[in-house]
Amino acid sequence: KPGRLTPDGERCPACQSVVRGRFCSTCGEKALHRQAQTTWEFLKRGVARLLDADSRLLRSLSLLLFRPGALTNRFLDGHRSHYVGPLQLFAIVNVAFVVFVSATGGPVTFRNGLHYHLTASYPHESVAQQWVSNHIGAPEGWALESALALEDSLQGDTSAATIAPEETPRPALEALSRYRAYADAFNQQAGRLSEALVFLFIPALAGLFWGGAAVAGTLTDRRGLASIVQATHFMTVFLVLLPPAYILTDLLQVFGASERGGQVLFVLVVFGSATVYLSLSTRRVERTSWPRSIGQSAVILWSLLFMQRIYTAILFFVAYVLTL
């Protein structure tokens, strides 16, 4: 094309600067003669890019899962071109986790339905019960569990709880019908919100990693970035741990384990594995002793339980407002 070539080299197709190599030194665009000019070249390079992205993802996941802390160190040391970035990796695993939850119905660690907010003894339970009762126009004193017991008793279930004498069946059952309609809308909204709100754990955990380094006396100039990267990688691993633990406890319930026992086992497997992983990761990233890394990991995991309850309250309030 006239004007594309100059005595010093090829002009960049994007900014018209002189390109002396494969890429423009001004904007980073690839030289025109290096770009695909035919359909075959376009398809061939597209497949190559796809396979390269897959290899970077597999390489990143393998290093993240089987060498705790190594991927964090490599990112901080500048070895980044061969690996998927921390936030991008977390986003990919989060999407896979959402697909798994949608297909299997669990685990609901980050996607609690309306029923859990009203009956699972969360700190915001009383507020949630009052707001939901007002929203569905329930009679005074209405509660979800008593309404379900009332419905069971009217259907001839002799194991149902005794109906309170002051409770009128018709208003309570009508409120239960409205609750179910509202719960469907709420659960859909909460499911969509959980995909984004789970990112809130990253800055919260980063603050804990930074605080742990401050207490241990290992603060450095790059500690802020290291804390964010370490928190992002740990949350990625945490999402990877949840599906296998859920499948294991589900299988045990099929073979006769109680629901309560399955829940306890799920928590033990997830947090036990997470504690071991985090101890190894902290020791490698911060180069601390075993007792200090184990103690710091235990504190972070207990704090994560507290964060989950705060996250659940935030999820309820945001989903409630959006479904008014």
Side-chain angles (χ1 to χ4, degrees), residues 14 19-31 34-35 44-97 198-214 216-242 273-290 292-294 296-297 300-301 304:
V19 182
R20 294 184 176 87
R22 296 176 59 189
F23 298 92
C24 174
S25 60
T26 302
C27 69
E29 183 63 80
K30 184 178 286 188
R34 294 277 186 174
Q35 298 183 18
K44 185 170 65 173
R45 295 190 183 190
V47 171
R49 288 284 183 88
L50 180 62
L51 293 177
D52 179 63
D54 287 344
S55 65
R56 290 173 63 223
L57 177 61
L58 293 176
R59 189 183 302 119
S60 301
L61 285 174
S62 175
L63 194 62
L64 178 69
L65 297 176
F66 300 112
R67 293 190 61 194
L71 186 61
T72 301
N73 282 338
R74 293 199 182 182
F75 181 88
L76 295 173
D77 292 338
H79 302 169
R80 305 176 184 181
S81 61
H82 291 79
Y83 303 98
V84 178
L87 288 176
Q88 182 183 2
L89 184 61
F90 176 78
I92 293 172
V93 172
N94 187 31
V95 170
F97 177 75
V198 71
F199 280 88
L200 293 175
F201 284 91
I202 293 177
L205 281 172
L208 290 176
F209 282 117
W210 189 92
T218 57
L219 281 178
T220 62
D221 293 339
R222 69 175 190 175
R223 187 59 245 182
L225 175 61
S227 298
I228 295 174
V229 175
Q230 195 175 5
T232 307
H233 282 158
F234 173 69
M235 278 305 300
T236 304
V237 172
F238 193 78
L239 290 181
V240 172
L241 291 174
L242 291 176
S273 303
T275 301
V276 172
Y277 180 91
L278 191 54
S279 299
L280 295 171
S281 174
T282 301
R283 178 170 166 79
R284 177 168 279 144
V285 174
E286 300 184 13
R287 296 176 175 84
T288 59
S289 63
W290 276 113
R292 181 169 290 174
S293 63
I294 293 174
Q296 182 176 337
S297 301
I300 290 175
L301 264 296
L304 186 62

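One is the number of the first residue; the rest follow in order along the sequence.
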Check: Thr232 side chain, Pro86 main-chain N or O, donor-acceptor pair, under 3.5 Å: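 A pair under 3.5 Å: no.
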side-chain contact (heavy atoms from CB on, under 4.5 Å) partners of [X], counting only residues at least two apart:
{"X": "Leu239", "value": "Phe90, Val93, Asn94, Phe97, Phe110, Leu242"}
{"X": "Ala14", "value": "Cys12, Cys27, Glu29"}
{"X": "Thr275", "value": "Ser279, Leu301"}
{"X": "Ser25", "value": "none"}

Heavy-atom closest pair, residues Phe209 and Ala231: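 Smallest interatomic distance, heavy atoms only, reads CE1-CA, 3.6 Å.
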Residue pair Arg59 / His82: nearest heavy atoms and the distance that separates them: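 Between these two residues, the closest heavy atoms are NH1-O, 2.5 Å.
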Could you state the interatomic distance from [atom1] ([X]) to [atom2] ([Y]), rounded to the nearest 0.5 Å?
{"X": "Leu280", "Y": "Phe66", "atom1": "CG", "atom2": "CZ", "answer": "13.5 Å"}
{"X": "Leu200", "Y": "Met235", "atom1": "CG", "atom2": "CE", "answer": "10.0 Å"}
{"X": "Ile300", "Y": "Leu278", "atom1": "CD1", "atom2": "CG", "answer": "5.0 Å"}

Contact list for residues 83-97, test salt bridge (Lys or Arg N to Asp or Glu O under 4.0 Å), sequence neighbours left out: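 Output for this query is empty, none listed.
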Matching residue for Phe234 among Thr282, Ile202, Val229, Leu205 - test: side-chain contact (heavy atoms from CB on, under 4.5 Å):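 Only match with Phe234 under side-chain contact (heavy atoms from CB on, under 4.5 Å): Leu205.
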Qualifying residues under side chain to side chain donor-acceptor pair (under 3.5 Å), relative to Ser227, sequence neighbours excluded: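 Ser227 satisfies side chain to side chain donor-acceptor pair (under 3.5 Å) with Arg223 only.
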Ser273: side chain to side chain donor-acceptor pair (under 3.5 Å) partners, not counting sequence neighbours: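 Ser273: no side chain to side chain donor-acceptor pair (under 3.5 Å) contacts found.
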Side chain proximity check, Leu89 to Leu61, heavy atoms < 4.5 angstrom: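 Sidechains of Leu61 and Leu89: in contact.
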Side-chain donor-acceptor distances from residues 68-78 under 3.5 Å, at least two apart:
unit_1 : atom_1 : unit_2 : atom_2 : d
Thr72  : OG1    : His233 : ND1    : 2.8
Asn73  : ND2    : Arg284 : O      : 3.3
Arg74  : NH1    : Tyr83  : OH     : 2.3
Asp77  : OD1    : Arg222 : NH1    : 3.3

From CA spacing to verdict: side-chain contact (heavy atoms from CB on, under 4.5 Å), Glu286, Arg292: CA-CA 10 Å; Glu286 300 184 13; Arg292 181 169 290 174; over 6 Å; no
